Structure formats: C-alpha cells, structure tokens
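First up is the structure itself, then whatever we jot down about it.
Predicted model, so just to flag it, every value in this text is computed and none were measured.
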Amino acid sequence: MRQRQRQARGGLAWPRRCPLFDEPFSLVGYVLSVLACYLTLVGVAATRTPVTVGGVTLFAGLMCCGALCVEATRRLGQPSGVWRDLLSAWWLPAAFLLPPFYALIAPAVLGLLIYVRVRRGPVYRRVFSTAALGLAGAGASELFRLLAPSAAPQGQAAGWLNYPGPNAWLLRPQQAAVAVACAVAFAVLNTCLVAIAAWLANPDARLASMLWDRERMLLDLTETCVGILVTIACALSALLLAVALPPVILLQRSLLHSQLKAQARTDPKTGVLNAGAWQSETALAIARAQRRREPLAVLLADVDHFKRVNDTHGHLTGDAVLKTLAAEMRQQVRESDLVGRFGGEEFVILLTGATAEEACQVAERVRQGVGMVKVLTHDTIVGVTVSIGVATLGTHGADLFELLAAADIALYRAKNTGRDRVCLYDPSDATPKTRRL
C-alpha cells in the first residue's frame, strides 16, 4: 500500500537565516546552482558584448515600455503565489535583436522594479525568477544566432531610432519561423526551470501538471505571439514601440484581472474552490443535469477528530493537513468534478454524471486515499480519516439545498456509526434527532 508523505522543511540553525534555507536541501542546492550559472553567464557576456548607441537605445526603450506596463497595472494588485504576465513581450525583442547580454539583464531590470513597486516577497524567489528568465532568454538568443546568423545583429553602429542589425530577415519566412521556434524554446526552458524548483519544494505534486496544462499553453502561446509582434515592430523602427505599448498594457491588465478573479474563487489554504464559488458552479451544474436528465451526486466529507490535530500539533500543521487532503481529493476525482472547501474541516465534491452506486465508489476511493496520506512534522507523522455522506440528484433532492441537507444527514450517520466510512442518504435517517445543526 502506497503512502504519501509531505516532507517537513528543515532549516539551518542560523540566527538570521535567509528564508531559502528553510526549504528542502535539494531545492536550496538547485536554486544556488541556477543563480551561480546565471551570474557566471552575465559576467562572461558583459566582457564580450560591445557597447553601441543603437543597442543601448533600443534596450532602454524596451525597458521603459516594460516599466510602463508594470506601473499601468500596479494598482490592480498581484495574485498570490505564482502569477503570469506579458513582460516577455519586451524580453523577446532584447533576445532576438540584441546580443545575449541584454537578454540576461532584462529580467533583472524589470524584476527589481516589480519588487520595489509591486510586491516585496522573499528575495530569493524574485532572484531565482530573474535567473530563470535570463537563462531562458540567453538560450533563445544564442539559438537564434545559431540558426539564423544573417538575421542577428553584428554590433555595427546604428542611429538612435534604428535597430542595430539587419531587418531583411523579416522578409524571409524561414527566418521568421526560426524566431517563432526560438520564442517557444524560451517558454519551454523557463517553464522547466521553474517547474523543477516547484517540484523540489513539493515532491508529492505531479511534475507533469507543473510543466504544462491547457491554460498555461494558451498563455505561453499568447506571450510568444505578442513577443514576436513587438520584435517585428522594433526591427522596423524603435518608434513603433509607442504603437505596440497600449495593446500590450491592455492585454496585461486583462490577464491580471482574470488571475485575480480566479483567486477570489479559490480557498487560500487549500487551493480548491471556496464555498461561494462551489455553490455557484454546482447550482449551474444541477440545472444543466436536470435539463439533460443526467445523474449527479454530491459528497460531503468531514475530517474526523480534526480538533485534536490543531490542539496537539498546532494550527500550522492543521492547515498543512487540510491542504494535503484537498490535493488528494482532487487527484481522486475527474477534472470535470468540483471540489470545494465548505468551511472548517468540511469539503464538498460534485460528481457530474454519477449514479448513487458510482458516487459511493468514488467516495470510498477518496476515503481510502485520505487514509493513506501522512503529513510529516518536525517530531511526528500526522494522519487523519474522513467520514463522507452521499446524496444523488432526483432521488435525494431536487436542488442544491436539498442535496446538501441529505448529504449532511448521511454524514451524521457515518459519524455516529464509527467514523471513517461512507454512508448513502437514507430517508429513514431524516429525523430531528439526526440532523446536524
């Protein structure tokens, strides 16, 4: 029988240590290795890159546009955790139109601005993000020069408003295709560097889901397209940056707004839907199932003796348990099913297209999966169980309120008959003595 464990983060006993050293040692070593590689490449590239008026002017123009994007979206706020932006629209032109040194330092310039003006999180995370973007940009820049040497700038003198290199590649479809391929390579390399760090921080998570999903692919495609368009504009004339800036700002604001909206629907401790978002989406799913005459079920799960976990191990351990259980529940159901936190230690799951028998099978699978999850603290291993009540649409209720009431009564029976079990709603249980208030 498999056993999932969440490793505790052991730190070094320094009186004033960096938060990085509270992370697993594998992650510390990886982050320091990436930073060392980045700084080494910056030093080498700085000694080999000639300074030209055109190159410095174009780089300054790109950074000013990036800074304006940051300032224009700053008042919207930033989503917590990992968030996406369109600042690569200004890094890709630096990678393709300028020497690799500029691609290395471009994320550092805008990253410092974001840290000072937008969000002051852990410094090591911002530095690592800068290093990952810089390495990805330098890699894309070198790959572009290798595959399309005639398109790369040769460091010749240029006017203040002209791109310091040949723009004949814009008229050659094969070289434009090379630029697109290099932009994709930039996205892939950056994603891999960040995903490996995320996986080392949480080895229980699936690396494949961190590397790519449908939403991330769409965002990467959008970033690539916008970056290529800005690159073409810069190659024609730096003045066209003024034309490219407004639509990029608009796209950036729309992207941040959608991420903030998604965050407002999510429970911050567990990452699943909060109660309001779950009820709203479930009500729509119930109406759709009734129109199509399709089966549907609701599971109401409650962690057994959760108060003992908080009282014995502390609330931080309790939060870690809830987060781990939420992740386990999401793994045990389909993507079309909805998992939400109903409050405290209660979770709700909507199973679309599930009969009573199928819902009980899924509930039993969730119960067994939760029982195998262990959370490793500094001094002990914490494991919990769940009791689950099941109710189906039509048989046990005609709307969300009735389904939740039926599942709640079934959950009460599961608690009363020994806990750590699954119970299907039985109308005979619906008496005043068995209702949970």
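A donor atom on one side chain and an acceptor atom on the other are not found under 3.5 Å apart for S129 and R125.
With salt bridges taken as basic N to acidic carboxylate O contacts below 4.0 Å, none links R413 and D426. Using a cutoff of 4.0 Å between basic side-chain nitrogens and carboxylate oxygens, R367 and E364 are scored as salt-bridged.
Judged by distance alone, with hydrogens and angles left aside, the side-chain atoms of E346 form no donor-acceptor pair with the main-chain N or O of G343 at under 3.5 Å. Listed for the T47 side chain is a donor-acceptor partner under 3.5 Å among the backbone atoms of V44. Under the 3.5 Å distance criterion, the side-chain polar atoms of W278 are left unmatched by any main-chain donor or acceptor of R341. R253 contributes a side-chain N or O that, together with a main-chain N or O of A72, makes up a donor-acceptor pair within less than 3.5 Å. When atom types are taken as modelled, the side chain of S33 and the backbone of G29 share a donor-acceptor pair closer than 3.5 angstrom.
Closest approach of L87 to G66, counting heavy atoms only: CD2-O, 4.0 Å. Residue L296 comes nearest to A289 through the heavy atom pair CD1-CB, 4.0 Å, listed as atom of the first residue, atom of the second, then distance. Pairing each heavy atom of L299 with each of A359, the nearest pair is CD2-O, 4.0 Å. Scanning both residues, L92 and G227, for their nearest heavy atoms gives CD1-CA, 3.8 Å. Between L62 and A94, the shortest heavy-atom contact is CD1-N, 3.7 Å. W90 and C69 get closest at one heavy-atom pair: NE1-SG, 3.6 Å.
When the shell of 6.0 Å around CZ of R421 is examined, it contains more than 12 heavy atoms from other residues, nucleotides or ligands. For CD of E71, the number of neighbouring non-hydrogen atoms (other residues, nucleotides, ligands) closer than 6.0 Å is greater than 12. Other residues, nucleotides and ligands contribute only 12 or fewer heavy atoms inside 6.0 Å of the CZ atom of R308.
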Solution key, residues 102-112 side-chain donor-acceptor pairs under 3.5 Å, sequence neighbours excluded:
none

Which pairs would a plain distance check flag for residues 381-407, meaning a side-chain donor or acceptor within less than 3.5 Å of a matching protein atom at least two apart in sequence or in another chain?
residue	atom	partner	partner atom	Å
T385	OG1	D304	OD2	2.7
S387	OG	D304	OD1	2.8
S387	OG	D304	OD2	3.4
S387	OG	D420	N	3.1
T392	OG1	H396	ND1	3.3
H396	ND1	T392	N	3.0
D399	OD1	F401	N	3.3
D399	OD1	E402	N	2.8
E402	OE1	A398	N	2.7

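Of the inter-residue distances, the one linking D302 atom CG with Y412 atom OH reads 13.0 Å to the nearest 0.5 angstrom. Note that OG1 of T270 and CZ of R330 are 8.5 Å apart. Values are rounded to the nearest 0.5 Å. One distance of note links OG1 of T266 with CG of L273; it measures 6.5 Å at 0.5 Å rounding. A distance of 7.5 Å separates CG in L322 from CD in E345, rounded to the nearest 0.5 Å. To the nearest 0.5 angstrom, E328 atom CD is 6.5 Å from M372 atom CE. One distance of note links CD of E223 with CZ of F186; it measures 7.5 Å at 0.5 Å rounding.
Using a 4.5 Å heavy-atom threshold, the side chains of R145 and P100 count as touching. Using a 4.5 Å heavy-atom threshold, the side chains of C37 and L41 count as touching.
Partner L325 forms a side-chain contact (heavy atoms from CB on, under 4.5 Å) with one of V272, V366, V303, V375 and no other, that one being V303.
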Using the side chain to side chain contact (heavy atoms under 4.5 Å, CB included) rule, take F128 and Y30 through it: C-alpha gap first, then chi angles, then the decisive distance, then the call. CA-CA 10 Å; F128 176 79; Y30 175 72; 3.7 Å; yes
Please determine whether side chain to side chain contact (heavy atoms under 4.5 Å, CB included) holds for the pair R126 and V123, giving the CA-CA distance in whole Å, both sets of side-chain angles, and the decisive distance to 0.1 Å. CA-CA 5 Å; R126 173 55 55 189; V123 176; 5.7 Å; no
Test log, rule side chain to side chain contact (heavy atoms under 4.5 Å, CB included), inputs D337 and L350: CA-CA 6 Å; D337 300 327; L350 171 71; 5.9 Å; no
